[in-house]
Amino acid sequence: LAENQPARETVQVTYTNPETGGDSQNILGYYAQMLRPGQSLRLPIRSPAMVCHLIEGAVEVTIDDQSYRLDEADTCCAPGFAEVSMRNLLTDAATYLFLADEAPLHRKLGVFENRG
């Protein structure tokens, strides 16, 4: 995806149920996120809480006004409605993260909110 569409601002894959095309689970949503070398990304402010696990690379995650450095196998979480940004600390390689959030549950309950 990153090679075929290099102009994309971000490269994210959403895990879906292959039989329905919907959420892979009823409560949690799962995503793979790639940050290009040196890339910074600000996530939209949304109602679901989120867990972020670093698969490969090094990233600085800022949640509201607190910054955390994640190295391989580190995990952090952000509460709902938090301002979250990520910065790949590597200038010569991509960073790969696994994200999970409560978006499917929030949508089913009618409380999902995306503040952009």
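Atom set for the values below is all heavy atoms of this structure, side chains included, hydrogens, waters and symmetry mates excluded.
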Exercise. Does V51 belong to the same Ile/Leu/Val/Met/Phe/Trp/Tyr cluster as Y68, with side-chain heavy atoms less than 4.5 Å apart forming each link?
Worked result: no
Problem set entry | CG on L43 to CE on M50, rounded to 0.5 Å | 5.0 Å
Exercise. Could you state the interatomic distance from OH (Y15) to OG (S24), rounded to the nearest 0.5 Å?
Worked result: 9.5 Å
Problem set entry | side-chain contact (heavy atoms from CB on, under 4.5 Å) evaluation trace for H106 with E113 | CA-CA 8 Å; H106 281 223; E113 191 175 336; over 6 Å; no
Seminar exercise, completed: Between A78 and V84 the two heavy atoms that sit nearest each other are CB-CG2, 3.7 Å
Exercise. Looking at CG of L99 and SG of C77, how far apart are the two atoms once the value is rounded to the nearest 0.5 Å?
Worked result: 12.5 Å
Exercise. Looking at CZ of R87 and CG of L41, how far apart are the two atoms once the value is rounded to the nearest 0.5 Å?
Worked result: 13.0 Å
Problem set entry | Atom of I63, atom of A82 and distance for their closest heavy-atom approach | CG2-CB, 3.9 Å
Seminar exercise, completed: Between A58 and D71 the two heavy atoms that sit nearest each other are CB-OD1, 3.7 Å
Problem set entry | Nearest heavy atoms of A94 and P37, plus distance in Å | N-CG, 4.0 Å
Exercise. Between N88 (side chain) and A93 (backbone), is there a donor-acceptor pair under 3.5 Å?
Worked result: yes
Seminar exercise, completed: Note: V111 and S47 closest approach over all heavy atoms is O-OG, 3.5 Å
Exercise. Where is the tightest heavy-atom contact between E102 and A49, given as atom of each residue plus distance?
Worked result: OE1-N, 3.1 Å
Exercise. Can you hop from Y31 to L97 via hydrophobic side chains spaced under 4.5 Å?
Worked result: yes
Exercise. Relative to each other, are the rings of F98 and Y30 parallel, tilted or perpendicular (30° and 60° limits)?
Worked result: parallel
Exercise. In terms of hydrophobic clustering (I, L, V, M, F, W, Y; side-chain heavy atoms under 4.5 Å; direct or indirect links), are L28 and F81 co-clustered?
Worked result: no
For this session: Answer whether the closest heavy-atom distance between the side chains of N26 and P104 falls below 4.5 Å.
Result: no
Problem set entry | From CZ (R46) to CG (N114), nearest 0.5 Å | 6.5 Å
Exercise. Under the side-chain contact (heavy atoms from CB on, under 4.5 Å) criterion, do R36 and V11 qualify, and how do the steps go?
Worked result: CA-CA 9 Å; R36 291 183 175 90; V11 178; 3.6 Å; yes
Problem set entry | Interatomic distance, L70 atom CG to I55 atom CD1 [nearest 0.5 angstrom] | 11.5 Å
Exercise. Judged by atom type as modelled, is there a donor-acceptor pair below 3.5 Å linking the side chain of E56 to the main-chain atoms of Y96?
Worked result: no
Exercise. With T20, which of D23, T16, N17 fulfils side chain to side chain contact (heavy atoms under 4.5 Å, CB included)?
Worked result: N17
